[in-house]
Protein chains: 2
Amino acid sequence: MNAPRSRRERPAKPALTRAGIVATAVGLMKAEGLDRVTMRRLATELDTGAASLYVYVRNTAELHAAVLDELLGTVNLRPGKGEWQDRLVEVLTSYTKVLFDHPGLAQSALVARPSGPHYLNLVEAVLALLSEGGIPPGQAAWGIDLLLQTATATAAEHQAGDSPADWDLVEAAVRNASPKTHPHIAALGSDLLSGSGPQRLAWGFRVLINGTRSTPREPSE
Amino acid sequence: MNAPRSRRERPAKPALTRAGIVATAVGLMKAEGLDRVTMRRLATELDTGAASLYVYVRNTAELHAAVLDELLGTVNLRPGKGEWQDRLVEVLTSYTKVLFDHPGLAQSALVARPSGPHYLNLVEAVLALLSEGGIPPGQAAWGIDLLLQTATATAAEHQAGDSPADWDLVEAAVRNASPKTHPHIAALGSDLLSGSGPQRLAWGFRVLINGTRSTPREPSE
DNA sequence: ACCTGAACACCGTTCAAGT
DNA sequence: ACCTGAACACCGTTCAAGT
């Protein structure tokens, strides 16, 4: 009890810093989801007014981007042993899972192009694996966007709606497709919706890896 | 002048119907963008209160989905002559362009799974082309998701931010990547960001078509 | 049945004024 | 320089009350 304290015992309001704001935002997001990470809600959490945050953060989009990069620090960039393709799928799956586990995060990754340090580490790790696999550099340079975009979009799609009602609609639409007007949909039927999420995603990554390897960029490009 | 009219000349407020609401929403979206298609704004346009719309529309997400399907009616499903791959890329590019031309639409397509009649027509057209190309049905059934998702995500990414500031950040991040810590990023350098949007997208579609053709689904799946 | 006004519970962002 | 309260201009959705 030797440190001097202010007269009244209070939760000790810490000085505002960008790092502190982002850290609080990450905590709030883990607790309540990204859509609750609003300027006003966050300000309340920090025991201040929303206006004060604008000294450290340009706007809500930038705040969400900072939260995203923080979370990307938890992606597993060092997969186990195995073929380079398997390890690549492992990294991409880890990335997808991080987005998937935090509703709203994938959405924000699609809208505001990530460029934080943890995102760069992810890009580097994926490029290293593509290089190890002998993918031509030009194709790797364009292919990585496709790989990360697919991961991000899959995460955004598969929990954004959240509501199974949407899925019921899709299922009904496929089932009710007339063989007259939509013969191919009718023929494939439930196979269009078959497979678990992870199964389809892993297959999708293989498709992209194989396609990137075998599809040259036009000479003029 | 023979039809009976109400005493005062007024802009003739039409009775509310779901079709009328959606049509007005489409007009509003074309004029001001999807983010202005709010319940309140739309109600003002229809000269009523926001609460009235809830008789015809479950919520904002459903309204946006209806607007999306309306717009999908303008996708070109009957491309010219040429190899099936080229025609497929043409259809997908048309779809991407429709989303791209209407800010916010792609976002909404990612969040609320489309299942309207025009969307089904698009799926049918793409499946027909994959079938014509001899893609095994099982691979086509899963591949179509990948194709449409890539189109949607690309549209969402490339105009959502809208701000070139985001891109400047990415560019700076790539340029400042140290060869020590990020050797592959440094080695590829500007090639990571090279190419026009349409060039990269067309290449991406080829990657997916080639990959879908050459990547079998696991027997157990 | 359909429509309405009012209410509840929120938003992002700016700005003049204070310390 | 940093922080604040108040204001401006909005949101989605629900509900009791009217026609």
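Numbers restart at 1 for each chain; the letters A, B, ... are given by sequence-line order, proteins then strands. Basis for what follows: all heavy atoms, side chains included, without hydrogens, waters or symmetry-related copies.
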Salt-bridge contact B:Arg217-A:Asp191 (side-chain N to carboxylate O under 4.0 Å): yes

Residue A:Tyr54, side-chain heavy atoms: nucleotide from C:dC11, D:dT13, C:dG12 that is nearest: C:dG12

Nearest-nucleotide comparison on DNA chain D, the residue closer to the 5′ end among A:Arg40 and A:Gly49: A:Gly49

Atom-to-atom span, CG of B:Leu46 to C1' of C:dT4 - whole angstrom: 15 Å

Spacing between B:Leu53 atom CG and C:dG5 atom C1', to the nearest angstrom: 14 Å

Nearest-Å distance for atom pair CE/C1', residues A:Met39 and C:dT14: 12 Å

Among C:dT13, D:dC3, D:dC11, the one nearest B:Thr38 by side-chain distance: D:dC11

D:dC8 to C:dC10 separation - P atoms, rounded to the nearest Å: 22 Å

Pairing partner (Watson-Crick or G-U wobble, both distances under 3.5 angstrom) of D:dC15: C:dG5

Interatomic distance where CG belongs to A:Leu63 and C1' belongs to C:dC11 [whole Å]: 14 Å

Residues A:Trp142, A:Thr212; criterion side-chain hydrogen bond (donor to acceptor under 3.5 Å, both in side chains); working and verdict: CA-CA 8 Å; A:Trp142 284 18; A:Thr212 296; over 6 Å; no

Below 4.0 Å: OP1/OP2 of D:dC11 and any side-chain N or O of B:Thr60: no

Selection from D:dC2, C:dC3, D:dT14 that lies nearest to any side-chain heavy atom of B:Tyr56: C:dC3

Between C1' of C:dG12 and CG of A:Asn59, the distance in whole Å: 9 Å

Pairwise distance CG(A:Leu53) to CG(A:Leu16) - rounded to 0.5 angstrom: 6.5 Å

Span that lies between the C1' atom of D:dC15 and that of C:dC3, in whole angstrom: 13 Å

Sugar-phosphate only, base, or nothing, as touched by B:Ser52 at under 4.0 Å among non-hydrogen atoms: base

Distance in angstrom units between A:Ile21 CD1 and D:dC2 P, rounded: 11 Å

Shortest side-chain distance from B:Arg41, nucleotide among D:dC11, C:dC15, C:dT13: D:dC11

Any-strand Watson-Crick or G-U partner of D:dC10, both distances under 3.5 Å: none

Verdict with supporting geometry, A:Thr154 and B:Gln149, side-chain hydrogen bond (donor to acceptor under 3.5 Å, both in side chains): CA-CA 8 Å; A:Thr154 298; B:Gln149 186 188 65; 3.3 Å; yes

For atom CG of B:Asp35 and atom C1' of D:dC10, their distance in whole Å: 12 Å

Between C:dC11 (P) and B:Arg36 (CZ): distance, integer Å: 21 Å

Residues A:Glu45 and A:Arg36 bridged, charged N to O under 4.0 Å: no

